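Data block below; observations after.
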Amino acid sequence: MDLSTAMWTAVVVGAAAVYWFVWMMGAAEVKGKRAVNLKMGSIAKDKVQDKYKQYWSFFLRSKEDIVAASDDDKVPAFVDTFYNLVTDIYEWGWGQSFHFSPSLPGLSHREATRKHEERAADLIAARPGQRIVDVGCGVGGPMRAIASHSGAHVVGITINEYQVGRASAHNRKADLDGLCEVVCGNFLEMPFPDASFDGAYSIEATCHAPCLEDVYREIFRVLKPGALYVSYEWVTTGLYRPDDPRHVETIRGIERGDALPGLRAQNEVAAIARQAGFEVVEERDLALPPAEPWWTRLQMGRFAYWRNHLLVSVLAALRIAPKGVVDVHEMLYETARHLSDGGETGIFTPMHMILCRKPLLINQ
Ligand SMILES: C=C(CC[C@@H](C)[C@H]1CC[C@H]2C3=CC[C@H]4[C@H](C)[C@@H](O)CC[C@]4(C)[C@H]3CC[C@]12C)C(C)C
Ligand SMILES: C[S@@+](CC[C@H](N)C(=O)[O-])C[C@H]1O[C@@H](n2cnc3c(N)ncnc32)[C@H](O)[C@@H]1O
């Protein structure tokens, strides 16, 4: 082989390797978002790093510090920034459903995710002709699963405008835009009339509210009397010891890497729901045995994280992705470690299920 043939062979093989690395290895589990298309929501490319720093210094504080600085009301704006920073990375590396689910032997992650979503629809007995609200809908993975499983009309609300665009595009692509609708708004002040929904659900979303009672009250307001509401809550369990520094570090790690103004304790949730006016029908940690661990999906991807880290670093160096994407990716990697510690030690669950009913007769 002469020199020029060898050089051309090297160029072709190199290009094929780069193509394979970026497009095949870096492809989203659920196709639709690829590494080369990573944006940071509606943040301009040159502002990503600043926005990330602002986010980080806000959530680096504990709940007590946020409250002491009277910064509670700034939480939704920082949660919005968070989702500008992470939405594309989540979609690329996890899929269109931004939540966990128990592993189900013999089923893929995607199938297990779907079962967890359909379970929510079944719990509130969603059916055709009903209007259901999805409180904190992300890019609509659960909404599409629930609408097609139940035949109900689902209206999702998210604080993040970029997610509204993504969710609406996915709805159209899935031919579900007749049954699924997305609005941008704050779930603490929803742009919906009183008693306008037949049911509601929230999947791993209300943990972003500084005060759980406020969001539960708002959901209560928009529900018709007799309607059901189910939530999958992020909480610390009874195994959490606030005097154990390793427990505290795990929980603080989960809070700062997931835009949470302070995790609540599992045994507080039902009392809060009652305080908001609901009857509590059922309450259960869906992560408890016989459920299989939800956190193994995070651990099994160690190699994938390193591959992804390399990929985002290359894309940022080539200025295809914004510079700050590497910081955000690193933050998520750390967060994954804390989440899986939380799962393994049992001090944290992302799926404390609470099923509530708005009473038919309300005592004033
Ligand atoms: C409910 C919430 C989000 C839960 C999960 C969907 C996300 C929590 C942590 C995320 C991730 C961590 C590691 C990332 C990895 C480094 C990257 O290469 C690919 C994406 C990750 C796997 C990413 C995916 C989504 C999470 C699992 C919170 C915010 C209330
Ligand atoms: C972890 S994601 C879960 C999304 C979706 N439930 C799912 O499982 O795919 C949390 C969602 O809550 C939304 N959210 C957080 N705080 C909010 C607020 N104050 N008002 C409306 N949406 C909010 C975020 O924008 C995001 O869409």
Side-chain angles (χ1 to χ4, degrees), residues 26 28-29 33 35 38 41 59 73 75-101 109 113 116-117 120 133-146 156-164 166-167 170 182-191 201-211 214-215 218 231-234 253-255 257-261 263 294-295 297-312 325-326 328-340 342 350-351:
E29 187 191 342
K33 179 57 68 179
L38 288 180
F59 278 103
D73 54 346
V75 169
F78 278 95
V79 170
D80 180 29
T81 298
F82 174 79
Y83 282 105
N84 277 325
L85 296 170
V86 304
T87 294
D88 275 358
I89 304 185
Y90 276 18
E91 266 201 62
W92 163 60
W94 198 256
Q96 295 173 12
S97 293
F98 296 173
H99 63 81
F100 295 103
S101 50
H109 292 310
T113 300
H116 198 53
E117 294 163 349
V133 58
D134 177 336
V135 181
C137 64
V139 298
M143 166 194 284
R144 286 179 288 283
I146 286 172
I157 180 166
T158 165
I159 193 85
N160 184 260
E161 188 77 60
Y162 182 71
Q163 291 187 338
V164 175
R166 293 293 301 160
H170 290 312
V182 195
V183 300
C184 194
N186 187 347
F187 56 40
L188 297 167
E189 297 169 318
M190 290 195 270
Y201 66 90
S202 52
I203 301 188
E204 303 188 23
T206 52
C207 48
H208 288 296
C211 169
D214 289 350
V215 60
E218 187 59 0
S231 188
Y232 295 166
E233 291 291 340
W234 276 35
I254 293 173
E255 290 169 349
D258 290 294
L260 306 180
L263 279 169
W294 54 267
W295 59 91
R297 183 177 173 190
L298 283 167
Q299 292 170 336
M300 280 155 68
R302 291 253 154 137
F303 164 74
Y305 295 158
W306 285 110
R307 178 202 67 201
N308 290 354
H309 180 72
L310 191 60
L311 196 53
V312 293
V325 76
V326 181
V328 176
H329 190 261
E330 220 162 272
M331 173 189 83
L332 292 180
Y333 178 72
E334 269 300 292
T335 309
R337 195 171 57 77
H338 291 298
L339 283 163
S340 102
M351 50 191 77

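Owing to the predicted nature of the structure, the values given are computational and were not obtained by experimental measurement. If you read the sequence from its start, that first residue is 1, and numbering goes on from there. All ligand and atom numbering here is 1-based and tracks the order in the structure.
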Which protein non-hydrogen atom lies closest to [atom], naming both residue and atom, and how far is it?
{"atom": "atom 19 (N) of ligand 2", "value": "Asn186 OD1, 2.9 Å"}
{"atom": "atom 17 (C) of ligand 2", "value": "Phe187 CE2, 3.3 Å"}
{"atom": "atom 8 (O) of ligand 2", "value": "His99 CD2, 3.1 Å"}
{"atom": "atom 22 (N) of ligand 2", "value": "Ile159 N, 3.1 Å"}
{"atom": "atom 26 (C) of ligand 2", "value": "Gln163 OE1, 3.6 Å"}
{"atom": "atom 6 (C) of ligand 1", "value": "Phe98 C, 3.5 Å"}
{"atom": "atom 14 (C) of ligand 1", "value": "Leu332 CB, 3.9 Å"}
{"atom": "atom 24 (C) of ligand 1", "value": "Trp94 CB, 3.7 Å"}
{"atom": "atom 2 (C) of ligand 1", "value": "Trp234 CZ2, 3.4 Å"}

Do the non-hydrogen side-chain atoms of [X] and [Y] ever get within less than 4.5 Å of each other?
{"X": "Glu255", "Y": "Phe59", "answer": "no"}
{"X": "Phe187", "Y": "Thr158", "answer": "no"}
{"X": "Val328", "Y": "Val86", "answer": "yes"}
{"X": "Phe100", "Y": "Trp295", "answer": "no"}
{"X": "Cys137", "Y": "Val164", "answer": "no"}
{"X": "Leu332", "Y": "Tyr90", "answer": "yes"}
{"X": "Thr87", "Y": "Phe98", "answer": "yes"}
{"X": "Arg297", "Y": "Trp94", "answer": "yes"}

Relative to the heavy atoms of [X], which atoms of ligand 1 are at a distance of less than 4.0 Å?
{"X": "Tyr305", "result": "15 (C), 16 (C), 18 (O), 22 (C)"}
{"X": "His99", "result": "6 (C)"}
{"X": "Cys207", "result": "30 (C)"}
{"X": "Glu204", "result": "1 (C), 30 (C)"}
{"X": "Asn308", "result": "17 (C), 18 (O), 19 (C)"}

Judging by distance only, is a nitrogen or oxygen of [X] under 3.5 angstrom from one on ligand 2?
{"X": "Leu188", "answer": "no"}
{"X": "Ala205", "answer": "no"}
{"X": "Thr158", "answer": "yes"}

Check: Backbone or side chain, does any N or O of His329 fall under 3.5 Å from an N or O of ligand 1?
Finding: yes
Give yes if a backbone or side-chain nitrogen or oxygen of His208 is under 3.5 Å from a nitrogen or oxygen of ligand 1, and no if not. no
Contact region, His208 to ligand 2, non-hydrogen atoms below 4.0 Å, reads side chain
Paired with Val182, the side-chain contact (heavy atoms from CB on, under 4.5 Å) test is passed by just one of His170, Arg166, Met143, namely Met143
Q. Can you tell me if Asn308 and Tyr333 form a side-chain donor-acceptor pair at under 3.5 Å?
A. no
For this session: Answer with yes or no whether Cys137 contacts ligand 2, where contact means a heavy atom under 4.0 Å from a ligand atom.
Result: yes
Should one rank [options] by closest heavy-atom distance to [atom], which comes out on top?
{"atom": "atom 10 (C) of ligand 2", "options": "Phe98, Trp94, Tyr83, Phe78", "result": "Tyr83"}
{"atom": "atom 3 (C) of ligand 1", "options": "Tyr83, Phe82, Tyr90", "result": "Tyr90"}
{"atom": "atom 21 (C) of ligand 2", "options": "Gly136, Gly185, Ala259, Gly95", "result": "Gly185"}
{"atom": "atom 7 (C) of ligand 2", "options": "Gly138, Ser202, Pro142", "result": "Pro142"}

Could you check whether any side-chain N or O of [X] sits under 3.5 Å from a backbone N or O of [Y], counting only pairs where one atom can act as donor and the other as acceptor?
{"X": "Thr206", "Y": "Ser202", "answer": "no"}
{"X": "Asp258", "Y": "Leu260", "answer": "no"}
{"X": "Glu218", "Y": "Met190", "answer": "yes"}

- prompt: Between His116 and Tyr232, is the gap from one ring center to the other below 6.0 Å?
  reply: yes
For the aromatic rings, using the six-membered ring if either is Trp, is the centroid distance between Tyr83 and His208 under 6.0 Å? yes
Notebook entry, point to check: Can you find a non-hydrogen atom of Leu339 under 4.0 Å from ligand 1?
Noted result: yes
* Hey, is atom 21 (C) of ligand 1 touched by any protein heavy atom at less than 4.0 Å? -> no
(request) With side-chain hydrogen bond (donor to acceptor under 3.5 Å, both in side chains) as the test, would you mind laying out the steps for Glu117 and His99 before giving the verdict? (result) CA-CA 10 Å; Glu117 294 163 349; His99 63 81; 2.7 Å; yes
Output for pair (Ile254 CD1, Leu263 CG), nearest 0.5 Å, gives 6.5 Å
Note: ligand 2 atoms sitting under 4.0 Å from heavy atoms of Ser97 are 9 (O)
One finds that the ligand 2 atoms under 4.0 Å from a non-hydrogen atom of Val79 are 15 (C), 16 (N)
